[in-house]
Trainee: 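Dropping a structure here in structure tokens format, bear with me for questions.
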Amino acid sequence: MPELTRYIQPRRIFTPLGGLEQHVVVIKGERFDTIISASDAPDEVERYPELDMWPGLIDLHIHGREGCDVIDGKLSSIETISASLLRHGVTGFLATTVTTTWPQTIAAMRVVGEAYKLRLPGAQVLGGYSEGLFFSEKHKGAHNEAFFKPLDEALIDEMIAAADGALKAVALAPEKANGIAMTEYLSKRGVRVMLGHCDANYDQTSKALAHGACGGVHVFNGMRGIHHREPGCAGALLLDSQALVEVIADGIHLHPAILQLIYRLKGQQKVALISDCINAGGLKDGEYQLGEMPIVVNEGIAKTHSGSLAGSTLTLEKAVKNLTELAGIPLHEAINMASLVPATYLNVAPELGSIEAGKIAHFSLVDDAFHIHHCNLFGQAVF
């Protein structure tokens with residue numbers, strides 16, 4: 001059976017280098033084939049003169065949506081999150097756990113491993129991310145320290161085995177006992193180490209980065225900040241040219257000036273926009289659970305009863321919007337931070353993350369108000 005060929009002409013096509021006008025994207029089967037001039041296109045063109053084409057967004061750090069959480073340990077929960085993300089232009093994500101009991105963590109990792117092997121009808125699970133368990137108390141945020149664990153090879157091995165090839169990242173506090181040794185161990189096992197919810201100083205953070213850590217969990221939040229006599233974890237992450245930093249661009253977690261500071265120091269290549277969305281995403285204000293921690297959402301802002309921010313209800317297309325409007329960052333660069341940068345981090349950029357010939361055709365069509373009108377997976381419209 002011959003491959004279906006589609007010709008799509010939006011107002012602008014957002015490639016990694018910027019927005020192309022008067023061009024047509026050619027899709028053959030499940031992949032982008034080429035981009036041609038509109039004047040060379042055949043008659044059967046799908047035209048969207050008021051919509052822009054974005055690559056499928058990739059959320060590296062998301063816990064849940066619409067009442068469901070990865071830590072539920074249920075495939076049905078991951079399927080709900082996956083379907084919800086399509087409506088926001090997200091076509092791939094790391095299913096992220098949160099601090100809870102060890103048995104529940106292992107059960108959740110097994111389900112993440114199962115989902116990783118499936119082609120879901122919604123956003124694809126690109127792996128699992130352990131945020132929790134290996135943190136220190138001072139900057140614990142919305143993580144319950146009663147469930148914190150020591151950094152230990154046996155625990156790491158059990159988590160990796162449960163995920164069955166799906167575990168892509170583990171967040172940890174490098175100043176904990178065995179922090180550097182376990183950073184090296186995870187790196188050798190092919191798992192990326194992200195530093196966060198820690199009180200690591202500049203030297204401790206720099207040492208962890210030198211021994212294989214890849215970057216920082218939602219930079220500035222849940223870590224020692226910058227002081228003029230102690231640059232802290234945040235300072236070390238921002239000054240290391242190879243370190244990736246996660247950014248929650250919701251206008252709450254980070255001041256617009258800090259967004260500009262991060263951008264000036266890291267550039268677009270080392271900033272990954274994340275949602276850090278919890279199960280309250282897409283739902284009304286009220287009381288929810290984040291793992292074993294009760295939280296309250298008021299005006300879309302999630303906090304623990306003690307007042308700590310507890311993830312967010314952000315969506316990734318709004319993060320792109322906020323980065324352009326709050327920090328003045330060019331739109332195509334903000335899009336890259338939510339697509340190509342995460343794909344590069346996950347080593348899937350040859351297949352995903354941008355609108356380029358040969359890549360899988362995950363994309364969305366977006367209006368000037370940053371509303372997603374159509375989302376496409378494997379070359380076909382699914383929303």
Trainee: Once you round to the nearest 0.5 Å, how far does CD1 of Ile301 lie from CG of Leu314?
Mentor: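 Result: 11.5 Å between the selected atoms.
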
Trainee: Taking all heavy atoms of Ile329 and all of Thr324, pick out the closest pair and write down the distance.
Mentor: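 What the structure gives for the nearest pair is O-CG2, 3.3 Å.
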
Trainee: Can you list the steps and then say if Ile156 with Val191 is a side chain to side chain contact (heavy atoms under 4.5 Å, CB included)?
Mentor: CA-CA 10 Å; Ile156 296 295; Val191 180; over 6 Å; no

Trainee: Taking C-beta and beyond as the side chain, do Phe14 and His332 meet within less than 4.5 Å on heavy atoms?
Mentor: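 In contact.
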
Trainee: Look only at the side chain of His63 and the backbone of Cys277, and say whether a donor-acceptor pair between them is shorter than 3.5 Å.
Mentor: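 No, the answer is negative, given that no donor and acceptor are paired below the 3.5 Å cut-off.
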
Trainee: CZ/Phe378 to OG1/Thr91 distance, rounded to the nearest 0.5 angstrom?
Mentor: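 Output value for this atom pair is 8.5 Å.
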
Trainee: Do Phe370 and Thr315 make a side-chain contact, defined as non-hydrogen atoms from C-beta onward lying under 4.5 Å apart?
Mentor: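 In short, these two side chains do not touch, never coming nearer than 4.5 Å.
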
Trainee: So, are Lys138 and Glu175 salt-bridged, with charged N and O less than 4.0 Å apart?
Mentor: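 So Lys138 does not pair with Glu175 through a salt bridge.
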
Trainee: In terms of hydrophobic clusters joined by side-chain contacts under 4.5 Å, are Val45 and Leu365 together?
Mentor: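 No, because Val45 and Leu365 fall into different hydrophobic clusters, even though each may have its own neighbours under 4.5 Å.
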
Trainee: With ring centroids as reference points, do Tyr48 and His374 lie under 6.0 angstrom apart?
Mentor: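 Yes, close enough.
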
Trainee: Within a 6.0 Å radius of atom CD on Gln22, are there more than 12 heavy atoms belonging to other residues, nucleotides or ligands?
Mentor: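 Not more than 12 within 6.0 Å, no.
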
Trainee: Glu131 versus Met194: any side-chain heavy-atom pair under 4.5 Å?
Mentor: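 No; the side chains remain at least 4.5 Å from each other.
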
Trainee: Please examine the side chains of Ile274 and Ile62, heavy atoms only from C-beta on, and report whether any two atoms are closer than 4.5 Å.
Mentor: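 A side-chain contact is absent here, since even the closest heavy-atom pair is not under 4.5 Å.
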
Trainee: Between Lys266 and Leu237 (side chain of the first, backbone of the second, donor and acceptor by atom type, cut-off under 3.5 Å), is there such a pair?
Mentor: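 Such a contact is found between Lys266 side chain and Leu237 backbone.
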
Trainee: When you measure from the side chain of Arg224 to the backbone N and O of Glu230, does any donor-acceptor pair fall under 3.5 Å?
Mentor: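 Flag not set: sc Arg224 to bb Glu230 has no pair under 3.5 Å.
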
Trainee: Any donor and acceptor pair, going by atom type alone, linking the side chain of Lys117 with main-chain N or O of Asp164 inside 3.5 Å?
Mentor: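 Yes: the side chain of Lys117 pairs with the backbone of Asp164.
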
Trainee: So, Asn336 side chain and Leu340 main chain: donor-acceptor pair closer than 3.5 Å or not?
Mentor: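 Looks like no, no N/O pair under 3.5 Å.
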
Trainee: Examine distances only and state if a side-chain atom of Asn201 and a backbone atom of Gln204 form a donor-acceptor pair shorter than 3.5 Å.
Mentor: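 Checked: pair present.
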
Trainee: Please name the pair of heavy atoms, one in Cys233 and one in Cys198, separated by the smallest distance, quoted to 0.1 Å.
Mentor: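 Cys233 and Cys198 have their closest heavy atoms at SG-SG, 3.8 Å.
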
Trainee: Should Ile106 and Phe148 be regarded as members of a common hydrophobic cluster, given that ILVMFWY residues are connected when their side-chain heavy atoms come within less than 4.5 Å of each other, either directly or indirectly?
Mentor: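 Each belongs to a different hydrophobic cluster.
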
Trainee: Side chain to side chain contact (heavy atoms under 4.5 Å, CB included) for Arg87 and Ile372? Distances and angles first, verdict last.
Mentor: CA-CA 7 Å; Arg87 297 192 288 276; Ile372 307 297; over 6 Å; no

Trainee: So Glu246 and Val217, do their side chains get closer than 4.5 Å, heavy atoms only?
Mentor: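 Side-chain contact under 4.5 Å: yes.
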
Trainee: Between Leu133 and Leu172, is there shared hydrophobic-cluster membership here, with clusters defined by ILVMFWY side-chain heavy atoms closer than 4.5 Å?
Mentor: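 Yes, Leu133 connects to Leu172 through the hydrophobic network.
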
Trainee: Between the side chains of Glu79 and Lys74, is the shortest nitrogen-to-carboxylate-oxygen separation below 4.0 Å, so that they form an ion pair?
Mentor: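 No, this pair does not count.
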
Trainee: What are the two closest non-hydrogen atoms of Leu209 and Ala213, and how far apart are they?
Mentor: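 So the minimum-distance heavy-atom pair works out to CD2-O, 3.6 Å.
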
Trainee: Could you state whether Ile8 and Ile360 fall into the same hydrophobic cluster, counting links through intermediate Ile, Leu, Val, Met, Phe, Trp or Tyr residues with side-chain heavy atoms under 4.5 angstrom apart?
Mentor: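 Shared cluster, no.
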
Trainee: Apply side chain to side chain contact (heavy atoms under 4.5 Å, CB included) to the pair Leu273 and Leu57, showing each step before the final yes or no.
Mentor: CA-CA 10 Å; Leu273 290 178; Leu57 305 182; over 6 Å; no

Trainee: Applying ring-ring contact (aromatic ring centres under 6.0 Å, His included), which residue pairs with at least one partner in residues 248-286 are found, sequence neighbours left out?
Mentor: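 Every candidate ring-ring contact (aromatic ring centres under 6.0 Å, His included) pair involving residues 248-286 fails, so no pair, neighbours aside, qualifies.
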
Trainee: Got Val125 and Ser82 here, is their nearest side-chain heavy-atom distance under 4.5 Å?
Mentor: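 No; the side chains remain at least 4.5 Å from each other.
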
Trainee: Does Val245 belong to the same Ile/Leu/Val/Met/Phe/Trp/Tyr cluster as Phe135, with side-chain heavy atoms less than 4.5 Å apart forming each link?
Mentor: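 Per the 4.5 Å side-chain linkage, Val245 and Phe135 are not co-clustered.
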
Trainee: So how far is it from Leu316 CG to Phe93 CZ, rounded to the nearest 0.5 Å?
Mentor: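 The CZ atom of Phe93 is 12.5 Å from CG of Leu316, to the nearest 0.5 Å.
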
Trainee: Using a strict 4.0 Å threshold on nitrogen-to-oxygen distance, state whether Lys270 and Asp240 make a salt bridge.
Mentor: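 Answer for the salt bridge query: no.
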
Trainee: Of all residues at least two apart in sequence or in a different chain, which pass the side-chain hydrogen bond (donor to acceptor under 3.5 Å, both in side chains) check with Asp72?
Mentor: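 Partners of Asp72 by the side-chain hydrogen bond (donor to acceptor under 3.5 Å, both in side chains) criterion, ordered by chain and then number, come out as Ser77.
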
Trainee: For the residue pair Arg65 and Ile81, what are the closest heavy atoms and their distance?
Mentor: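 Smallest heavy-atom distance, with atoms named: N-CG1, 3.7 Å.
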
Trainee: Between His211 (side chain only) and Lys207 (backbone N and O only), is there a donor and an acceptor less than 3.5 Å apart?
Mentor: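 Yes: the side chain of His211 pairs with the backbone of Lys207.
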
Trainee: Is a side-chain N or O of Asn376 found less than 3.5 angstrom from the main chain of Ala381, in a donor-acceptor match?
Mentor: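 Checking the backbone N and O of Ala381 against the side chain of Asn376, a donor-acceptor pair under 3.5 Å is found.
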
Trainee: Does some side-chain heavy atom of Leu259 sit less than 4.5 Å from a side-chain heavy atom of Asn322?
Mentor: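 Not in contact.
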
Trainee: If every non-hydrogen atom of Pro10 is compared with every non-hydrogen atom of Leu51, which pair is closest and at what distance?
Mentor: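 Nearest heavy atoms, Pro10 then Leu51: CB-O, 3.3 Å.
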
Trainee: How far does CD1 of Ile248 sit from CZ of Phe220, to the nearest 0.5 angstrom?
Mentor: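 So the gap between those two atoms works out to 13.0 Å.
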
Trainee: Is there any salt bridge (charged side-chain N to carboxylate O under 4.0 Å, His left out) pair reaching into residues 292-310, and which pairs are they, with sequence neighbours excluded?
Mentor: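 Checked against salt bridge (charged side-chain N to carboxylate O under 4.0 Å, His left out) - neighbours excluded - no pair reaches residues 292-310.
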
Trainee: Going by heavy atoms in the side chains, are Met293 and Phe147 under 4.5 Å from each other?
Mentor: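 Not in contact.
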
Trainee: For the CD1 atom of Ile13 and the CZ atom of Phe32, what is their distance to the nearest 0.5 Å?
Mentor: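 Answer for the CD1-CZ pair, Ile13 versus Phe32, is 9.5 Å.
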
Trainee: One thing to verify: whether Lys149 and Glu158 come together as a salt bridge, which I'm taking to mean a side-chain N less than 4.0 angstrom from a carboxylate O.
Mentor: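 Answer for the salt bridge query: no.
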
Trainee: I need the minimum non-hydrogen distance between Leu86 and Phe383, along with the two atoms involved.
Mentor: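 Here Leu86 and Phe383 meet closest at O-CD2, 3.9 Å.
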
Trainee: How about Glu50: does its CD atom have over 12 heavy atoms from other parts shown lying under 6.0 Å from it?
Mentor: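 Check fails, neighbour count at 12 or below.
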
Trainee: Under the 3.5 angstrom rule, does the side chain of Glu137 hit a backbone N or O of Glu145 as a donor-acceptor pair?
Mentor: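 Pair absent, no side-chain N/O of Glu137 close to backbone of Glu145.
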
Trainee: Measure from the side-chain N and O atoms of Ser84 to the backbone N and O of Thr80, and report whether any donor-acceptor pair falls under 3.5 Å.
Mentor: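 Absent.
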
Trainee: Checking side-chain polar atoms at under 3.5 Å, does Asp250 have a donor or acceptor matched by the opposite partner on Ser312?
Mentor: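 Result is no, nothing qualifies.
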
Trainee: Nearest 0.5 Å please: distance from the CG atom of Leu290 over to the CG atom of Asp69.
Mentor: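 Answer rounded to 0.5 Å: 6.5 Å.
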
Trainee: For Val366 and Glu317, run side chain to side chain contact (heavy atoms under 4.5 Å, CB included): C-alpha distance rounded to whole Å, both residues' side-chain angles, the deciding distance at 0.1 Å, then the answer.
Mentor: CA-CA 9 Å; Val366 189; Glu317 87 283 15; 5.9 Å; no

